[in-house]
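These notes are about the structure you will find just below.
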Amino acid sequence: MLTQSQLAVIKQTVPVLQENGETLTRHFYARMFRENPEVQAFFNPAHQQAGTQQRALAGAICAYAQHVDNPAALADAVELIAQKHVSLGIQPQHYPIVGANLLASIQEVLGIDESSEIIDAWAAAYGALADIFIGREGALYQHQQDTFGWQGFKPFVVARREQESENIVSLYLARQDGEALQPHQPGQYITVRVTPPGGLPVMRNYSLSCAPGESHYRISVKRERALADEAPDGVCSGYIHEHLQEGDVVEVAPPCGEFTLADANAEGVPLVLAAGGVGVTPLLSMLHGALAHQQGREVIFIQCALNGAVRPFAAELQQLADNHDNLHCHVRYSEPSAQDQEKVDFDSTGFLDCALLDQLVGDRRAEYYFCGPVPMLKAVYGLLQDKGVDDADIHYEFFGPAEGLAA
C-alpha cells in the first residue's frame, strides 16, 4: 500500500514522464537486455527497431502515474498486458528484473539519486503494480489449465498447410499426443515457439482463424517484410513461410487474449466485423462463432485488402455467405489490379469510410469489432467516434504493442 506522500510524489512526476517517457523506455530496454539478456527472448526485435514497444511502455508508465491512486481505471490495460504476459510464459521471478532496471533507468536518465523520495515512491508503486499483475496472471494460468488442460508449451504437429494468398499461409495444428482440443473463444490467439536454423527459439502470438471447437488450431501467418532498410524481416513469419511443412512439430501455448466476441447484448443489434489485411484472422473466428451461436443476428463483414492477390479466405467467406442469409459480406480493395477489374470479385474501391458505413449500417445502433494496420484502426475509430457510436460498442485489436487511437 502506497502512502499519501508516495502517491503525491508519483503524481508530481507525470509532466517529467510525459516529456521524457520514450527516452526513459529506450534506455530501459537497452539496459535490461544488456544486464539481463535472458529476458530478451520475450520481446519482438521488430517492435524494438520500430520503437512501438518503447512508445507503448512510455504510455503505460504515464497512464499508471496518472491513475496510481485509482488502479481500477486501468483494468482494461492491465488485462491486455496480463494476457500477453501469460501467452509468453512470464513468471513472478521476472518482475524483480524489470523493476531493478526500471528504477535504475529512472535514476540514470533523469539524474536522480537512489536515495531520493522519487525512487522510493516509484519502487513502492512498481511493487504494487507487480502484485496486481502476478495475481491476475496466476489466475489466467490456472484458467488455462482448467479450460484447455495445459500450461506452457506443448508439441503440436502441422497437420495441414494451405496458401491463402500471396503473402499469407495457414497452418492447421493438432496436438502431437492426439488429445482433443477444447474450444477457444472467438478472437483469441495462441503462442507459437519455433527455433530457426542456427538461431535461438522465438515466440510469436498468432490469432486463431478457425471456428471454435475444431479438431485443430488454425493460424494464418502473413510474411512480414522489413519496413525500413535497417529493420529486420519477420524472423518467425519467415521461418513459417520458408521452412514449416506438414508433419513438422512446433510448440504451442494455450489460447489467450481479451479481444473476444461477446454475447449479443441487445436484440436486433447488428454485428459489424471490419478487417484490414491479415487483421481478418481473429474476425473470421468471430464470424464463425457468431453464425453458430448468435443465429439469426445480422452480421456485416467488411474485408479490406490492397487487391485480390493478397486477399485471404475468399472461398471460405463466399461459402459462409451462401449458407447464411443473415450474413452480408462486402469486399473493398484500395488498389485493385487489372486482373481484379476483369474478374470483378470485389464490391468497392478505396479505404473504409463513412459513406460505406452509412450504406451498410446507416443510423442503426451496431456493435463493431475491427482489426488491421494501425492507420486503419485509427481511421475506423475516428469514423465511429464521429458517428456517435458508444464506446461500449467499439472493440479493436492491435497486432503488436498497443497504441492510442484518439487523435
Side chains of [X] and [Y]: is there a donor and an acceptor less than 3.5 Å apart?
| X | Y | result |
| --- | --- | --- |
| Gln295 | His324 | no |
| Ser209 | Arg218 | yes |
| Arg332 | Gln303 | no |
| Ser170 | Glu164 | yes |
| Glu137 | Tyr95 | yes |
| Tyr64 | Gln66 | no |

Which word best sums up how the rings of His143 and Phe148 line up, parallel for under 30°, tilted for 30 to 60°, or perpendicular for over 60°?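 Ring orientation of His143 relative to Phe148: perpendicular.
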Parallel, tilted or perpendicular: ring planes of Tyr396 versus Phe398, cut at 30 and 60 degrees: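 Aromatic pair Tyr396/Phe398 classed perpendicular.
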Just how far is it from atom SG of Cys256 to atom CG of Asn205, taken to the nearest 0.5 Å?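 Between atom SG of Cys256 and atom CG of Asn205 there are 8.0 Å.
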Under 4.0 Å between a Lys/Arg side-chain N and an Asp/Glu carboxylate O for Arg136 and Glu79?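 Yes, Arg136 and Glu79 are salt-bridged.
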Going by an N to O cut-off under 4.0 Å, is there a salt bridge joining Arg365 and Asp390?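 No, Arg365 and Asp390 are not salt-bridged.
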Non-neighbouring partners of Ser215 that pass side chain to side chain contact (heavy atoms under 4.5 Å, CB included), sequence neighbours left out: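 By the side chain to side chain contact (heavy atoms under 4.5 Å, CB included) rule, Ser215 matches no residue at all.
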